[in-house]
Each structure stands twice: as C-alpha cells, then as structure tokens.
Number of protein chains: 2
Amino acid sequence: MSRVGLSRSVVLDTAARLADRDGLGALTVSAVARELGVRAPSLYSHVQNAEDLRAGVSAVALTELADRVDRALAGLAGRDALGALADTHRRYAREHPGRYAAAGVLDPASSHDLVQVGRRHAEQLLAVLRGYAVPPEDRVHAVRLVASVVRGFVDLEVGGALAGSEPPAAESWPRVLERLDHALRTWEAHP
Amino acid sequence: MSRVGLSRSVVLDTAARLADRDGLGALTVSAVARELGVRAPSLYSHVQNAEDLRAGVSAVALTELADRVDRALAGLAGRDALGALADTHRRYAREHPGRYAAAGVLDPASSHDLVQVGRRHAEQLLAVLRGYAVPPEDRVHAVRLVASVVRGFVDLEVGGALAGSEPPAAESWPRVLERLDHALRTWEAHP
DNA sequence: GGATATTGCCTATAGGTTGTAGGTCCCGTA
DNA sequence: TACGGGACCTACAACCTATAGGCAATATCC
C-alpha cells in the first residue's frame, strides 16, 4: 500500500476543512481518516485523541485568524483599526464556520499552544485601543468590551439567532460598530 | 420491573442536570438512561433521538432563563432594567453552564418551540430598550447590540477565555455594562 | 370481576466511533 | 546488504445510537 504522507498538519488541515464543510459536530477521527483515504487508527500517531484533534483545529483557526488580523490592521488606527479587526473576525467566521466554532471552545486544560495564540489576540485588541484615549488601568476592561461585542455579534449571526428577524444582520453590523467606537471614544476615568 | 415514571419533562430535566454537572459534551442518551436507572432504548419513547434531547435541553434552558428575566425586570426601567437583564443572564450561565451552553446552539432547523421562546427573549430586550430614547427604526440594531455584549461577555467568561488575565472578569462586568448603558443613552438617529 | 387494549420498559441486535495492541512493509542509512 | 524506524495496517474491546419486537403492569370496558 502506498503512503499517503500523513503528518499532524495534514491531519489538522483536513480536519479544519471537514469542520467547515460538515459542521464541527461532524468532526470525528473516523471522518478525517475517511477523507484522507486512510484507516482511523493511522491517525493516532499524529493526534493524541479526538479531543486533541479538536484542540488542534482550534489552534489552526486562532492562528489563521490572528494572521489575517495582523495584515488587516497594518497602517490603520482608531476607528479604522477597530473596523478592520471586527470585520476580519466576522468575515473569517462566515468563511470558516467550523474553524470559528472550534476557536470558540477553549478547554480549561488549554494547551500551551492555545494560550500563546490567545495572547496574540489580546495584543491585537490592545493595539486597536491605542487609537483611543482609554486610561491605562481601564484598558483590560475596554479590551473585554470589544471582544464581547465582536464575539457576541458574530456568534449570534453565524448561529442563526438573528436570521429570524428583519433587517438582515449585516445592516446592524456597522451600527453596532459605530456604538462601540463611540463607547471607546467617550471612555472616562472611573471615579 | 417497576415503572420509573418517565416522561419527556423528566428526561429533559435529568438531561439538563447532567449537562450542568458533566458538561454538554457528556450529554448522551446513555448517560441520561444510566442516571435514571433505566435502559437506553427506554428513552426513545420520550425523545426522538440524541439531537432532540439536546434541543429539548435548549428549550428548557431558554424558557427557564426567560422566566427569570421576567421576574428580574418587574418594576425596573432604564439602566436598572438593563443591569437586571444582563445580570440574570450572567448568573444563569454561571449556575447552569451546561444548560446555557445548550441554549447557545440553535439549529438551523429550529423547532417551533425554540422559535417561540426566542421571540420571548427578543421581547424582553425590547422592553429594556423602552427605557432609552432609541428611535423606533433603530431598535432592532440596539437589541442586537445588547444581545451581542451580554452573550459575548458571558461566553468569554464561562468559556474561560478571560481567566488568564487580571483583574477577574467580574470587575470588568460593571464597566462593560456602564459603557453599554452609555451607548444606548447617547443613541442618535442615523443620518 | 374478568377480558382487552394500551403503555412502559425490557432484551436483542446492528452499525458507527474511540482507542489500544501488535504486525507488516517501505525507505533511508550504515 | 542488513538494519532500524516510521507509516500504515488488521484485530479487537468498549461505548453510543437507534430500531424491532416482547412481556408485564395498568387502564378501560362489559
């Protein structure tokens, strides 16, 4: 039998593609093996177990997303930067729903890998905030506000929770970002 | 053998308890049957299949949450109402992580049940907005802003994404709500 | 009160998924 | 050419989902 050329990254890329195509719920070791034309036990040399497979897709997704955000933020500041970060997240979630869903579930026993890329995302949020006059001691709170809005809206939209009402979610997006920008611009020191 | 007294609601309540205790991922038909001291096939008279079991827990959770929000909102308006709604969501997620996680995933093929209770949540958000001078044609956008912030923050917190940084997420919560309140108070008609 | 229908939960069974153990064959290297 | 390791295999055990069909307790009717 001919070798297929498996490796951890080949397995994870295939898994990510599968998650996007069939949903995160359909992501199984068996399905990835089928997709690769290989028997399921062959994957266990490259992936510890099913949970590790999902965590790997998480890491792939968060890394890809951070790369895109880095590119999108280049040369921008203030509201432009905020919009670029938020739009990049939203677009990524729409293009890669399975990957994005995987990125959302961080295990308590996060791998060192995930902690690392998580820090990258935090850095990016802080970079965006540099365009706003938020007092240093409040920056964590502002980061969390931005993260909440982006994560919340995108989750609701790709989860279909907004699909039942008019107008389409896309129309609310710039309005939500305008309010977020305003909230950051008018940030005041805490009494 | 003696009858245990199964019914859809008994099964779903047990499932919800199990989801909170062991995580939504550990929620299986078999586990619920074990918990009830019954064989797995016995549950299929009360629940169509595993997916229906999860959807049932979703509905239970969304209904319980809506009930709590109704009680919390009684007699409040404006910022107090906003805080009560948001706090109720956050508290529910912390007390019932499995139920809350189930409530988050709405299938595209949502049951009529889920659509119904989803409307209740939308009504509650609209009720909170009545305390703010948001122009009628913008209310949908404002609802989506509030829903995004609450959903995003709570997801990040219970998902552990905020656990790695200081200060604790609880300190950011009132600051985030203050900014949300401010964003609603200063809402302006769209040009 | 006894016959009958219904219901509640059962066993048996088939098929899919996870994960381990151990084997074979290809390929690079000495 | 012999050897060693890695890539992928088969075999297997355990668990979960789901269907089919059976028995017994309960409700209903005469």
Side-chain angles (χ1 to χ4, degrees), chain A residues 1-60 98-99 101-102 105 107-111, chain B residues 1-60 98-99 101-102 105 107-111:
Chain A
M1 281 301 124
S2 64
R3 309 298 170 90
V4 179
L6 294 186
S7 69
R8 181 170 174 90
S9 76
V10 167
V11 170
L12 293 185
D13 282 355
T14 305
R17 217 159 14 87
L18 225 68
D20 287 336
R21 202 187 64 192
D22 303 335
L24 187 59
L27 179 59
T28 66
V29 175
S30 296
V32 175
R34 253 193 312 277
E35 185 75 10
L36 284 165
V38 134
R39 301 293 181 156
S42 306
L43 299 189
Y44 284 87
S45 325
H46 307 282
V47 154
Q48 290 186 13
N49 48 38
E51 187 192 330
D52 182 42
L53 181 73
R54 285 159 201 274
V57 175
S58 274
V60 165
R99 286 161 154 93
V105 292
D107 264 278
S110 278
S111 77
Chain B
M1 279 300 125
S2 64
R3 308 299 170 89
V4 180
L6 294 184
S7 71
R8 182 170 175 91
S9 76
V10 167
V11 170
L12 293 185
D13 281 354
T14 305
R17 217 159 12 87
L18 226 68
D20 287 336
R21 201 187 65 193
D22 303 334
L24 188 60
L27 179 59
T28 66
V29 175
S30 295
V32 175
R34 251 192 315 276
E35 185 76 9
L36 284 166
V38 134
R39 302 293 183 155
S42 306
L43 299 190
Y44 284 87
S45 325
H46 307 283
V47 154
Q48 291 187 13
N49 49 37
E51 187 191 331
D52 182 42
L53 180 72
R54 286 158 201 271
V57 174
S58 275
V60 165
R99 285 160 154 97
V105 292
D107 263 277
S110 280
S111 75

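Proteins come first, then strands; the chains are lettered A, B, ... in the order of their sequence lines, and each starts at number 1.
Closest non-hydrogen pair, A:L43 versus A:L6, comes out as CD2-CD1, 3.8 Å. Scanning both residues, A:A15 and A:V57, for their nearest heavy atoms gives CB-CG2, 3.7 Å.
For the pair B:Q48 CD and D:dA18 P, the computed distance is 10 Å after rounding to whole Å. A straight line from CG of A:L27 to C1' of C:dG16 spans 16 Å, rounded to a whole angstrom. The CG atom of A:L6 sits 16 Å away from the C1' atom of C:dC25 (whole-angstrom rounding). In this structure, B:R8 places its CZ atom 15 Å from P of C:dG8, rounding to the nearest Å.
Distances shown here put every side-chain N or O of B:T28 at or beyond 4.0 Å from the OP1 or OP2 atom of D:dC15. Proximity of B:S30 to the phosphate of D:dT17: a side-chain N or O atom is located under 4.0 Å from OP1 or OP2.
Note: A:R8 CZ to A:D13 CG = 11.5 Å, rounded to the nearest 0.5 Å.
Using a 4.5 Å heavy-atom cutoff, the side chains of A:L18 and A:R34 are not in contact.
Using a 4.0 Å cutoff on non-hydrogen atoms, the parts of residues 31-44 of chain A near DNA chain C are A:R34, A:P41, A:Y44, ordered by number.
Nearest nucleotide to the A:N49 side chain, out of C:dC9, C:dG19, D:dA18: C:dG19.
In this structure, the side-chain contact (heavy atoms from CB on, under 4.5 Å) partners of A:S7, at least two apart in sequence or on a different chain, are A:S9, A:V10.
When the options A:V38, A:T14, A:V47 are evaluated for a side-chain contact (heavy atoms from CB on, under 4.5 Å) with A:V32, the one that passes is A:T14.
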